[in-house]
Protein chains: 2
Amino acid sequence: MTDTAQPQFMPRGPYQKTARTRVAILEAALEVFSESGYHSGSIRDVARRAGISNSGLLHHFPDKIALLDAMLERRDEVDAEAMRKFTHDGKSALHALIHLAADNASKPGIVKLYAILSTEATAEDHPAHAHFVSRYARTRHLVEDAFRSLAEDDQLVAGTTPESAAIGTLAMMDGLQVQWLLEPTRIDMPYALASYLSSVTDIDFVAEHSLELSAQLA
Amino acid sequence: MTDTAQPQFMPRGPYQKTARTRVAILEAALEVFSESGYHSGSIRDVARRAGISNSGLLHHFPDKIALLDAMLERRDEVDAEAMRKFTHDGKSALHALIHLAADNASKPGIVKLYAILSTEATAEDHPAHAHFVSRYARTRHLVEDAFRSLAEDDQLVAGTTPESAAIGTLAMMDGLQVQWLLEPTRIDMPYALASYLSSVTDIDFVAEHSLELSAQLA
DNA sequence: GTCTATATGGCGATAGAC
DNA sequence: GTCTATCGCCATATAGAC
């Protein structure tokens, strides 16, 4: 990894500008890859949006793949941080997923990035293929653990296993995002996810989530 | 529309060869767009696989967008045919969806086509945007009707509406496809879908589907 | 109906000046 | 660290011969 992750340890000297430029490039890369995916998104477009020349960009990232890797790594730091906060018990972890869905509803760029890249990266020779395989495995384990702790309290409905519930939860989140991107006003992602979680557990996530919403208004 | 849909009405004369060429082109287009999506898939690649030159292809389809439209139209004819067969009652319609999922598991090309195109077409200026918006609306209505007829027999679980169940079903199917494309051996699409349908209805689709499978072996 | 040849332009990446 | 200039490639699409 490079110096992007800890810019606070080198704020002075010539590196300060470098770090700022790198961040600008990575943010532009997120925009471009969100809109067009990796193959159709162009380095030149990223450079243009970052206010830098084509070669100026390639000074910071040797090639297109390095740019994609760095951008994904940056995103994963943010995600990992958000995940770490909600590993209390199973129920609160699933509530956190509903919050995540609500949060995503205000970030179409991020949602589109993962929707496009994850399908594109389905091809085995895609530069981000391994990244997404391991990303799904990691997330699936996290969600599976949440369901397992619920199962120990007999709160999973009959016929549902922690594994099948975890696969179903991730599938539901992904699928809802596609429909939401196509018709944002028709799809209520957090509600639909809560509805799913309620149907595979003995917990009324829909009611609890709407209670939270009313509490926020007070 | 062109003559592709009714080749049986003009089998002789010079059109016969044209029709055959067009079909070869559309099948090649399906391959290419399945692997790379629309933007990254190239007309040249399609032409190469169809055994024709670049300009030869453009004689049949004036530009790339026309090629995509014709290919989607052709696929939709097949899909509509498959759909028409199972509009008996609500329960059999949902069983047919499980069959569709099982069928898809042997057609990674088709699955990948829709997975990639539907996320790519999320962009409002994508040539297939309108196509996918109306495709989702149409399918959602079909599934919603199935759930509505179940609701009239009190077979929907509490807290689930025909609309939310339809949205959830489509989301589940889409999301499962992405995970299945990434790790085919880990995901059992028909089982996972049956599991979802069982959790939102009072019908044990998992048991009924596995009964069907055993019957087929006999 | 299919071809070759070509116009036009975007792409990733490199070389070398400042 | 950033630039201009450039190479070589591939793209969509057109013109015109056969």
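Within every chain, numbering begins at 1; the chains are lettered A, B, ... in the order of the sequence lines, protein sequences first and strands thereafter.
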Count the heavy atoms belonging to other residues, nucleotides or ligands that lie under 6.0 Å from CZ of R138(B), then report whether that count exceeds 12.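 For R138(B), atom CZ is crowded (more than 12 foreign heavy atoms under 6.0 Å).
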Residues within residues 37-47 of chain A bordering DNA chain C, heavy-atom distance below 4.0 Å: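 Contacting residues: G41(A), S42(A), I43(A), R44(A).
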Nearest-Å distance, CD1 (I52(A)) to C1' (dA13(C))?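 Result: 15 Å.
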Specify the closest pair of heavy atoms between L176(B) and A171(A), including all atoms of both residues, with the distance to one decimal.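 Smallest interatomic distance, heavy atoms only, reads N-CB, 3.5 Å.
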Using a cutoff of under 3.5 Å, can you pull out all pairs of nitrogen or oxygen atoms linking the protein to nucleotides 14-18 of chain D, with atom names and distances?
| residue | atom | partner | partner atom | Å |
| --- | --- | --- | --- | --- |
| dT14(D) | O4 | S55(B) | OG | 3.3 |

In Å, rounded to the nearest 0.5 Å, how long is the span from NE2 of H209(B) to CG of L193(B)?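 Atom-to-atom, H209(B):NE2 and L193(B):CG are 9.0 Å apart.
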What is the distance, to the nearest angstrom, from the CG atom on L67(B) to the P atom on dA11(D)?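 These atoms are roughly 14 Å apart.
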Take atom NZ of K17(B) and atom P of dG1(C), then tell me their distance rounded to the nearest Å.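 In whole Å, dG1(C) P and K17(B) NZ are 9 Å from each other.
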Please determine whether a side-chain nitrogen of the Lys or Arg among R49(B) and E27(B) lies less than 4.0 Å from a carboxylate oxygen of the Asp or Glu.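 A salt bridge is absent here (no side-chain N lies under 4.0 Å from a carboxylate O).
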For the backbone of V200(B) and the side chain of S199(A), can you confirm whether one donor and one acceptor N or O come within less than 3.5 Å of each other?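 Absent.
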Rounded to whole angstrom units, what separation is found between the CG atom of L57(B) and the P atom of dA11(D)?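 Those two atoms, CG and P, are 13 Å apart.
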Polar contact flag, side-chain donor to acceptor under 3.5 angstrom, Y114(B)-N104(B):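 The criterion, which ignores hydrogens and geometry beyond distance, is not satisfied for N104(B) and Y114(B).
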On the nucleotide dG1(C), are OP1 or OP2 found under 4.0 Å from the side-chain N or O atoms that T21(B) carries?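 No, T21(B) has no side-chain N/O under 4.0 Å of OP1/OP2 on dG1(C).
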